[in-house]
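For reference, the structure discussed in these notes is given below.
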Amino acid sequence: MEKTIITVVGKDTTGIIAHVCTYLADNEINILDISQTIVQGYFNMMMIADFAHIQKPFTQIASELNEVGERLGVQVKCQREEIFEKMHRI
């Protein structure tokens, strides 16, 4: 399994989850865990996804997810699990 952390942050609009999840499904990326919340109109979602079966380079997927976010007016970031853990170590 190749876990990746995907974060989505921005002003809440209809379809954010649908568009991001559709992109993931279309690229054979399985969502292992997902958490989302809306605070005073701002959307925040964190997903742990399995990138083991991707057919494109990681950087291309990250870039395309960023483009999905731009179309929706939100920021979408991808980080490999090991990088995320090192960055957020206490």
Side-chain angles (χ1 to χ4, degrees):
M1 196 173 323
E2 296 179 27
K3 291 182 183 176
T4 297
I5 310 302
I6 302 169
T7 56
V8 182
V9 178
K11 205 154 180 125
D12 188 36
T13 60
T14 303
I16 296 171
I17 296 172
H19 282 89
V20 172
C21 290
T22 297
Y23 175 87
L24 297 176
D26 289 347
N27 285 278
E28 298 182 47
I29 297 167
N30 187 36
I31 298 167
L32 304 171
D33 201 356
I34 185 170
S35 173
Q36 67 91 30
T37 187
I38 300 167
V39 178
Q40 294 186 3
Y42 289 94
F43 180 86
N44 184 26
M45 178 168 64
M46 182 171 142
M47 292 190 264
I48 300 173
D50 182 3
F51 274 45
H53 302 290
I54 60 174
Q55 302 298 311
K56 300 175 184 176
F58 177 88
T59 54
Q60 182 177 352
I61 296 222
S63 178
E64 290 175 357
L65 275 169
N66 185 50
E67 290 171 11
V68 169
E70 286 178 358
R71 287 193 300 272
L72 296 168
V74 297
Q75 290 183 339
V76 180
K77 303 283 184 194
C78 292
Q79 289 181 304
R80 295 187 186 274
E81 181 184 38
E82 60 272 11
I83 303 289
F84 185 86
E85 285 181 1
K86 287 178 183 175
M87 289 179 60
H88 295 89
R89 216 177 249 170
I90 295 176

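All of these numbers come straight from a predicted model, not from anything done at the bench. Residues take their numbers from the sequence shown, with the count starting at 1.
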[atom1]-[atom2] distance between [X] and [Y], expressed to the nearest 0.5 angstrom:
X	Y	atom1	atom2	answer
N44	Q75	CG	CD	11.0 Å
M45	D12	CE	CG	10.5 Å
I54	I29	CD1	CD1	6.0 Å
T7	K77	OG1	NZ	7.5 Å
I61	Q55	CD1	CD	9.0 Å

Can [Y] be reached from [X] by stepping across I, L, V, M, F, W or Y side chains whose heavy atoms are under 4.5 Å apart?
X	Y	value
V9	V74	no
Y42	V8	no
M46	I38	no

Is any side-chain heavy atom of [Y] closer than 4.5 Å to one of [X]?
X	Y	value
V76	I6	yes
K56	E64	yes
L65	L24	yes
I48	I5	yes
Q36	I16	no

So with a 6.0 Å cut-off around CD of Q60, is the heavy-atom count from everything else above 12?
yes

Between [X] and [Y], which heavy-atom pair has the shortest distance, and what is it?
X	Y	answer
L72	T13	O-OG1, 3.9 Å
T4	C78	CG2-CB, 4.1 Å
M47	I34	CG-CG1, 3.6 Å
C21	I31	SG-CD1, 3.5 Å

Taking the cut-offs as 6.0 angstrom to the six-membered ring centre and 45 degrees off its axis, would you call K11 and F43 a cation-pi pair?
no

In chain order, what residues pass the ring-ring contact (aromatic ring centres under 6.0 Å, His included) check against F51, with sequence neighbours excluded?
F58

Where the side chain of S63 meets the backbone of T59, is there a donor-acceptor pair that is under 3.5 Å apart?
no

